[in-house]
Amino acid sequence: MRLTATLALHATDLSLSQSLANWLGVGAQLGLLAAAVVAAIYAHRSWRIAQKSASDRFEFARRKQAAAISAWTADAGPGRLAVVVSNASDAPVFRLNARTVLAPPAGGRELGLRRVEIVPPNSREFVVEYELSERDSDADFYVEVTFSDASGAWWHRDYRGVLTEDLSEKYLC
């Protein structure tokens, strides 16, 4: 009887140790699974960051030429106003429309519109001169431009200097 009780005790110890080993094995596998899930989450986040970075670089390169185009008014002598267009990029721009308007409070009345078919790279051009009436001689003027870049995309720079891609071509003449 003693032998059977001792064997039963050892069998219980053996089954407890096997059960404990099984539970430890299951716990280790769950830990590995959790680590794999965390690693997958971090890998996905890294991939998204890399994709956004590549997208941002592409957008910057796409806007680079358009950002180098500007226009403003300059004094051209007594009673005269000049519109100046600058292309500081390394490529020409095409079909540029320069619209000159009176600044508020004059009501945004248009002074004129001038179209230039090609503005060469790295150039500054006097596009047009206007004779000002006596009532306009002390007014402020703004210039808005719409143009096509070397890739064929249309852009609009408003009187505040804000550049937007002009998909609708609503500003074209």
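All values derive from a computational prediction rather than experimental measurement.
- Side-chain atoms of W154 and R95, non-hydrogen and from C-beta on, do get closer than 4.5 Å to each other.
- Checked against side-chain hydrogen bond (donor to acceptor under 3.5 Å, both in side chains), R80 has the following partners two or more places apart in sequence or in another chain: E129, E131.
- The side-chain hydrogen bond (donor to acceptor under 3.5 Å, both in side chains) search around S46 returns none, not counting sequence neighbours.
- In this structure the side chain of Q29 never reaches within 4.5 angstrom of the side chain of L33, judged on heavy atoms.
- Heavy atoms only, all atoms of each residue included: A150 and A91 are closest at CB-CB, 3.9 Å.
- The shortest side-chain heavy-atom distance between D90 and N122 falls under the 4.5 Å cut-off.
- Looking at E125, its side chain never comes within 3.5 Å of a backbone N or O of V83 through a donor-acceptor pair.
- A distance of 4.5 Å separates OG of S89 from CD1 of I69, quoted to the nearest 0.5 Å.
- Cluster annotation: V128 and L132 are assigned to the same hydrophobic cluster (Ile/Leu/Val/Met/Phe/Trp/Tyr, side-chain heavy-atom contacts under 4.5 Å, transitive).
- Side-chain contact between P92 and P120 is absent, with no heavy-atom pair separated by less than 4.5 Å.
- Panel note: side chain N87, backbone V119; a donor-acceptor pair is recorded below 3.5 Å.
- When only modelled atom types and interatomic distance are considered, T146 and H156 share a side-chain donor-acceptor pair under 3.5 Å.
- Between the CG atom in D149 and the CG atom in L96 there is a gap of 12.0 Å [rounded to 0.5 Å].
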- Item | Verdict with supporting geometry, V143 and V101, side-chain contact (heavy atoms from CB on, under 4.5 Å) | CA-CA 6 Å; V143 180; V101 294; over 6 Å; no

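- The hydrophobic clustering, which links ILVMFWY residues whose side-chain heavy atoms are closer than 4.5 Å, places V145 and Y142 apart.
- With respect to E144 and R157, no salt bridge is recorded, no charged nitrogen being found less than 4.0 Å from a carboxylate O.
- Counting heavy atoms from C-beta on, the side chains of S148 and W155 never come closer than 4.5 Å.
- Side-chain contact between W72 and V84 is present, with at least one heavy-atom pair separated by less than 4.5 Å.
- Transitive grouping of hydrophobic side chains (ILVMFWY, heavy atoms separated by less than 4.5 Å) brings F141 and V116 into a common cluster.
- We find the CD-CG distance between E165 and L163 to be 9.0 Å, quoted to the nearest 0.5 Å.
- When all heavy atoms of L113 and E110 are compared, the pair lying nearest together is CB-OE2, 3.8 Å.
- Interatomic distance, CG of N97 versus CZ of F147, reported as 11.0 Å (0.5 Å rounding).
- Within the 4.5 Å cutoff, the side chain of T100 has heavy atoms near those of the Y130 side chain.
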